[in-house]
Every structure is written in structure tokens, then in C-alpha cells.
There are 2 protein chains.
Amino acid sequence: MPNLKSKITLKDIARELEVSISTVSKALKNSEEISRDTKEKIQAFARLYNYKPNNIAISLKNKRTKNIGVVIPDIVHHFFTTVIRGIEKYANAKGYNVIVCLSEESFDKEVINMEMLANGSIDGFIMSLSSETQAKGDYNHLREVTEQGIPVVLFDRITNEVECDKVVIDDQLGGYLATKKLVGQGKKKIALITTDDYLSVSKARTEGYKKALLESNLPVDESRILKLPTMDMDENKIRKFFNSQEIDAVMCVNEIFAVFSMRVALEQGFKIPEEISFIGFTNGLLSKYANPSLTVVAQHGERMGEISAQMLIDKVESENEEETFQTKILEPTLVVRDSTIN
Amino acid sequence: MPNLKSKITLKDIARELEVSISTVSKALKNSEEISRDTKEKIQAFARLYNYKPNNIAISLKNKRTKNIGVVIPDIVHHFFTTVIRGIEKYANAKGYNVIVCLSEESFDKEVINMEMLANGSIDGFIMSLSSETQAKGDYNHLREVTEQGIPVVLFDRITNEVECDKVVIDDQLGGYLATKKLVGQGKKKIALITTDDYLSVSKARTEGYKKALLESNLPVDESRILKLPTMDMDENKIRKFFNSQEIDAVMCVNEIFAVFSMRVALEQGFKIPEEISFIGFTNGLLSKYANPSLTVVAQHGERMGEISAQMLIDKVESENEEETFQTKILEPTLVVRDSTIN
DNA sequence: TTGTATGCGTTATCAG
DNA sequence: CTGATAACGCATACAA
């Protein structure tokens with residue numbers, strides 16, 4: 001009599017019922033080969049002892065793990081969080097599990113994580129590059145993986161140097177839309193607060209910003225562009241920036257920069273949005289609950305996650321070997337709140 | 001000659017070098033049994049073709065996956081996010097991967113996710129109960145898993161009805177500290193904004209609130225306690241609440257409630273913190289960047305994650321079968337910002 | 001020093 | 001209809 005507690009295997013059932021393992025296997029799959037009697041007996045027994053096939057054994061046999069590896073720089077950023085949620089949603093519905101690894105913006109960690117997972121643990125990767133990787137421009141770890149035939153989907157922070165499926169929002173358009181919005185409200189001295197431009201997304205957003213200015217016959221004044229480190233924002237730097245410039249609007253490449261600098265501006269006595277308007281990126285909790293609430297370019301992270309997962313799983317499950325990659329570009333949308341005029 | 005592209009196995013190496021599989025296996029483990037010559041030859045070949053053992057095969061053999069299953073209600077909440085980060089950090093350092101599953105506050109999803117993972121995919125669970133599970137009080141899925149000998153660590157949203165390791169912060173103490181802080185500032189009409197009290201944490205925080213009031217000889221007035229749904233906060237309800245009561249301080253059981261109701265109060269013309277002070281729970285981005293910035297009871301999510309991971313991995317790797325469970329209680333700390341007087 | 005056999009849990013092929 | 005055998009990739013006890 002098998003123990004009720006521990007997991008039961010086909011072998012256990014076979015032994016108890018004095019049949020062969022293969023008979024049990026077939027019976028549980030309701031195979032036509034097996035007689036009604038035997039099937040019922042075996043199925044009843046399996047149910048009673050709550051038999052569940054061992055995933056690992058099946059993975060070994062099928063060379064399919066039904067696991068997806070997700071490697072992202074950070075999980076505390078709302079955007080990545082929503083992407084994960086989207087991936088989870090789609091993947092789970094398809095019977096896949098999601099293994100999350102954080103690179104914490106480090107190249108080495110990204111490499112280690114990928115290697116760890118690439119040895120059979122997952123069927124494919126969904127990832128967004130760490131800032132260090134983008135700065136370094138070294139994508140060999142990605143190539144190694146794709147060359148092994150492991151499908152990869154890059155999202156948001158991508159590179160053109162690797163051939164694989166990609167999902168991005170049109171960041172340039174986002175920057176453009178945001179800037180145009182400000183221009184449309186009569187703003188003429190529009191500043192930009194961004195990161196160093198090795199980050200592909202910041203770069204694109206900056207391009208959109210410039211494009212909109214040029215198109216509106218406004219000068220692109222480099223002194224109106226402030227670059228901040230991702231992590232430690234220096235309040236004084238922002239304060240000086242606002243003081244030394246005449247500025248009537250600010251576009252920020254993320255919501256943290258926006259909310260933070262908005263507060264600095266308020267402290268300096270500026271009226272938002274009348275004197276200075278603000279627009280950020282990422283439609284997260286911060287934007288929603290900021291005071292004043294923040295107008296943002298929404299990136300639709302959850303949708304991005306779903307699409308990434310879908311592209312990956314399609315590739316994983318597709319039989320054909322044809323190497324055809326696509327890049328999906330999502331449209332950003334403006335969510336207007338109180339940090340801009342009406 | 002094996003293909004440079006696809007994964008190479010022991011068998012491939014053995015065939016190429018015309019030795020047996022076990023010789024290869026031993027050689028790559030630098031076994032003393034194998035001659036220097038053979039070892040060098042095999043190791044060189046393995047390096048050349050970038051041999052990496054297949055995780056799945058090793059898992060099947062060792063009955064250890066080196067995967068941890070993390071089942072949480074939500075990933076958009078900052079608190080859970082930080083816990084994941086803590087888990088990741090510790091687990092990765094120990095060579096474990098983290099499989100994240102979201103219950104989205106649903107009992108059924110929680111059960112399905114656990115079953116999915118319990119069939120060999122993971123070595124143990126770290127989880128926080130969904131609100132539905134806590135409301136329902138049904139913990140059979142947890143018991144089934146522990147009875148199979150799979151270690152479980154519950155954190156934050158826990159239950160006494162399951163025997164396993166647990167990690168919590170002292171939520172009652174948190175509520176107590178927050179309320180005491182407000183009392184210490186001369187506040188007498190301290191309101192509470194909370195969720196329905198099937199959530200273990202809200203319940204405990206409420207107890208702490210009441211305890212502090214009683215201890216300070218202040219009446220516990222149930223009409224000063226407002227219960228809101230977790231998701232859709234009704235602005236009007238809060239407005240009415242503030243209007244109908246004389247209130248000089250508010251403790252909220254999370255940061256979203258706090259930031260949101262703070263804004264309502266501001267709109268109604270109240271001065272924060274002079275007329276109404278606010279304290280929330282969870283030291284997240286919202287609190288930090290809110291305007292005014294929010295005083296909170298910090299829950300130390302990252303630490304909680306690390307401890308959970310440590311407890312779980314200890315149990316997973318411990319040989320002995322003795323069933324001894326512990327509950328770690330972390331002390332909450334007050335992070336004072338501008339929503340309270342100095 | 002090397003190789004053979006066995007097993008981890010499952011499935012699939014083929015023989016009976 | 002049922003069962004023996006091989007295979008997935010690896011590790012190891014035991015022979016040689």
C-alpha cells in the first residue's frame with residue numbers, strides 16, 4: 001500500500017495493481033489499447049492516491065520544460081512589474097511557468113542568469129537588457145543562446161545587434177507626442193530630464209522630443225536637457241537646473257524623475273501646471289497618486305508582456321525551423337492628468 | 001564532429017572520444033579514478049564544445065530542482081516586489097532559481113499554481129496568501145503540499161492553521177507604533193482607514209491601533225474606522241468620512257489608501273500635517289514621492305524575502321527529517337516624513 | 001584506470 | 001489487450 005503522503009509514481013501503481021508500467025501509463029492516458037476494466041481500475045487507483053505525473057521526467061522526455069525565463073534589470077520599476085504580470089497571464093493560460101531573474105542592471109548578472117537557465121531549465125527567454133549591457137554593447141550571451149536554438153524575445157530595452165523577436169513601444173513617438181502636447185499648450189521653453197543616453201529608450205524619447213521641437217520651430221537648446229543618474233537623483237542639481245533656466249514645461253523620461261522634479265519645482269514656488277507643466281513616462285501608481293497627478297506617456301507594459309509571451313510561445317511550439325523574426329511596435333498613448341493644462 | 005550550435009551531451013563526447021559515458025562523467029568531475037591523460041583530453045573537448053550538464057537530467061537524478069516556487073497575490077504592490085527581490089538575491093546566491101506565480105487574490109489560482117509547481121518543478125514554496133484564501137479559510141492545498149514533504153514558508157499573509165515556517169512583521173506593533181506616534185503629537189481624534197478584516201495584516205494593525213488608543217485613554221470610536229475595498233477606492237466615501245467626523249489624524253493600513261485619502265483631504269482644504277496627520281504602511285515609492293511625503297511603518301520587505309528564502313533553503317537542504325517549524329517576527333520601524341508633525 | 005549496469009519517471013515502439 | 005525494451009541525460013555502484 002503506497003504511502004498517502006509522498007508522491008506516487010507509475011511504478012508504484014504498476015506494482016500495487018500487478019500490471020506493467022506501460023499499461024498504467026497508457027491507461028491513464030485513456031488509450032484505446034487498454035481494456036475498459038483495466039483502465040477503470042487503474043484510473044480509480046490513481047485518483048485515490050492522487051497520482052500526478054512528474055514534470056521533470058516529462059521535461060526530460062519531451063525536451064520541453066514549459067518554463068519561460070524572464071530576465072529583467074529590475075523589478076521595483078512599475079513598468080517591469082506590469083510586463084511580468086502580462087507575461088504571467090498569457091504564459092499561465094498556456095500552461096507555462098515563469099522563472100524570473102533580475103540582472104539588477106549588471107552585465108555579469110545578466111550573463112550568469114542566462115547561462116543558469118539556458119541549460120535545459122527553460123524553453124525560451126523574454127528579456128529586457130540591463131543598462132550595463134547596453135552601455136557595453138556586448139551581446140554575445142544573447143547570440144550564444146539563440147545559436148543553440150533557444151528562442152528569445154527582447155522587449156523595451158532591445159538591440160539591433162541580435163536577431164530575434166522584439167517588442168517595443170515607439171519611444172520616439174512617445175517623446176514626440178509628449179512634447180507636442182506641451183507645445184500645443186503654448187509652452188515654448190520645454191526642458192528634458194533624461195538618463196545618460198546609452199539607454200535605448202531614453203535615446204529614442206530624446207529624439208522624439210527634439211523632432212517635435214524642430215517641427216514646431218522651437219530651438220533645441222542642449223542646456224535645457226538635464227541628465228540624471230537612474231538611482232540617486234540630486235535634488236540640488238534639479239533645483240539649479242530650474243533656477244538657471246527659463247523653463248515652462250518639462251518632459252521626463254520616467255515617472256520617478258517627473259514626480260521628484262515636480263516636487264522640487266513646487267518647493268521653489270512654481271505653479272504646476274500653469275508656470276511649469278510636467279509630463280513623464282510610465283503610467284504607474286506614482287503618476288496616478290502624485291500631487292498634482294502626473295500626465296504621462298503610457299507604455300502599456302501588461303500588453304507588452306502578453307505580446308512577448310505570445311511571440312515566444314508561438315516560436316517554442318512551432319514545428320518549422322524557418323528563421324523569421326519580427327519586431328512589434330506598440331503605440332504609446334498619452335494619459336492626461338493635472339500636471340499639464342487641462 | 002558535434003554541431004557547435006546545439007547542446008552537447010555526455011554521450012556525444014563519449015562517442016567522439018571513443019570512451020564510455022561514465023568515463024566522461026567522471027573526468028568532467030575531475031574524479032581521481034580517471035587518468036590525467038584521459039581527463040585532460042575530455043575536459044579540453046568539453047570546454048571546446050562548451051559542454052554544460054543538463055539541469056533537467058540532474059534534477060531527475062537528484063530529485064532536487066534548485067527551483068523555488070513563489071506564490072503571491074499580486075506583483076504590482078511595492079511590498080511584494082521588494083520581497084521578491086530579497087528572495088531572488090538570497091536564492092540566486094545559493095544557486096536557486098525563482099519561479100513566480102501570481103494568485104491575483106484568487107483562491108482558485110492559488111491552488112492551480114501550487115499544484116502546477118508541486119509536481120516536481122520546485123523544491124519548496126514561499127508564499128503569501130490571497131485575500132480570497134484568507135476570507136475562505138480553506139488551507140487544504142497548503143496541507144497537501146506540506147504532507148508531501150515539500151517545505152513551505154509563509155510570509156506576511158499567513159495562517160495559524162498550517163504548520164510550517166513563517167515570517168511576518170509584527171503588524172500589531174506597527175499599528176501601535178503608528179498610533180502612538182500620532183498620540184504623541186497631541187492628536188486625539190485618530191481615524192483608521194483599513195480593508196475588510198479578513199486580511200490578517202489589516203486585522204493585526206487594527207488591533208495595534210485600538211491598543212494604543214486604549215492605552216492612551218482615548219476612546220475607540222467605531223465610526224472613526226473606515227473600511228475600503230482593496231481595489232476601487234471611492235473618493236466620495238472618503239470625502240464624506242472626513243466631513244462627517246472630527247478627525248485630526250489618520251492611520252491607513254497601506255500606502256495607497258494613505259496617499260489617496262491624503263489627496264482628498266488636501267482638496268477639502270485640510271492642512272497636512274497640522275490639521276490632519278497621515279501615517280501609512282509600506283515604505284514604497286509612493287510614500288517617498290508623495291506630496292507631502294508620507295510617514296509610514298516600514299515593513300522591510302526585502303529583508304523578509306531574504307529570511308524567507310534562507311529558511312526555505314535551509315529546510316530543503318537539511319538532511320534531518322525532524323519537523324520543527326519556527327515563526328520569525330520582524331520589527332516594523334517608523335519612517336517619519338512630512339505627513340506627520342516633524 | 002576504464003567500462004557496464006542500473007536507476008531517476010515517463011513515453012513510445014514493437015513484440016507477444 | 002498487455003508487456004518488455006529503449007530512450008531522454010546524468011550519476012554511481014560495481015565489475016573488470
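A note on names: the letters A, B, ... follow the listed sequences, proteins ahead of strands, and every chain is numbered from 1. Since the model is a prediction, treat every value here as computed from it, not as a measurement.
- For the pair R15(B) CZ and dG3(C) P, the interatomic distance rounds to 15 Å; values are reported in whole Å.
- The 5' end of DNA chain D is approached more closely, in terms of each residue's nearest nucleotide, by V19(A) than by the other of V19(A) and K29(B).
- Electrostatic pairing of E306(A) and R303(A) counts as a salt bridge here, judged by a charged N lying under 4.0 Å from a carboxylate O.
- Note on K66(A) versus D123(A): no salt bridge recorded, every NZ/NE/NH1/NH2 to OD/OE distance being 4.0 Å or above.
- Here dG9(C) presents its C1' atom at 18 Å from CZ of R64(B), a figure rounded to the nearest Å.
- Residue T9(A) places none of its side-chain N or O atoms closer than 4.0 Å to OP1 or OP2 of dC8(C).
- Between the CG atom of L17(B) and the P atom of dG3(C) there is a distance of 11 Å, rounded to whole Å.
- Checking each of L117(A), N113(A), V70(A) against F125(A) for a side-chain contact (heavy atoms from CB on, under 4.5 Å) leaves exactly one that passes, namely L117(A).
- At distances below 3.5 Å, not a single donor-acceptor pair connects side-chain atoms of N62(A) with backbone N or O atoms of R64(A).
- The distance from the CD1 atom of I126(B) to the SG atom of C164(B) is 11.5 Å, given to the nearest 0.5 Å.
- Dashed line: the shortest gap from a side-chain N or O of S25(A) to OP1 or OP2 of dT11(C) is under 4.0 Å.
- On the nucleic acid side, DNA chain D contacts chain A at distances under 4.0 Å to non-hydrogen atoms, with the end points of that region at dC1(D) to dG9(D).
- Shown for residues 52-62 of chain A: residues whose heavy atoms fall under 4.0 angstrom of DNA chain D, namely L60(A), K61(A).
- Atom CD1 in I34(A) sits 8.0 Å away from atom OG in S22(A) (nearest 0.5 Å).
- Along DNA chain D, the nucleotide closest to I34(A) and the one closest to K11(B) are compared, and the more 5′ of them pairs with I34(A).
- Looking at E105(B) and R157(B), a side-chain N of the basic residue comes within less than 4.0 Å of a carboxylate O on the acidic one, giving a salt bridge.
- Whole-Å rounding puts the I42(B) CD1 to dT1(C) C1' distance at 11 Å.
- Looking at heavy-atom distances under 4.0 Å, S22(A) makes contact with a base.
- One interatomic measurement links the two molecules: NZ of K26(B) to C1' of dG3(C), which rounds to 7 Å at whole-angstrom precision.
- For the pair E33(A) CD and dA12(C) C1', the interatomic distance rounds to 10 Å; values are reported in whole Å.
- Atom C1' of nucleotide dA12(C) and atom NZ of K63(A) are separated by 15 Å, given to the nearest angstrom.
- One can place CD of E32(B) at 9 Å from P of dT1(C), the figure rounded to the nearest angstrom.
- One N or O on the side chain of T81(A) and one on the backbone of I75(A) form a donor-acceptor pair closer than 3.5 Å.
- At a threshold of 4.0 Å, the pair K89(A)-E302(A) counts as salt-bridged, since one of the basic side-chain nitrogens sits closer than that to a carboxylate oxygen.
- A close approach under 4.0 Å does occur between a side-chain nitrogen or oxygen of T23(B) and OP1 or OP2 of dG3(C).
- For E161(B) and R143(B), the salt-bridge test passes: some basic side-chain N is under 4.0 Å from an acidic carboxylate O.
- Counting non-hydrogen atoms under 4.0 angstrom, S35(A) reaches the backbone sugars and phosphates but no base.
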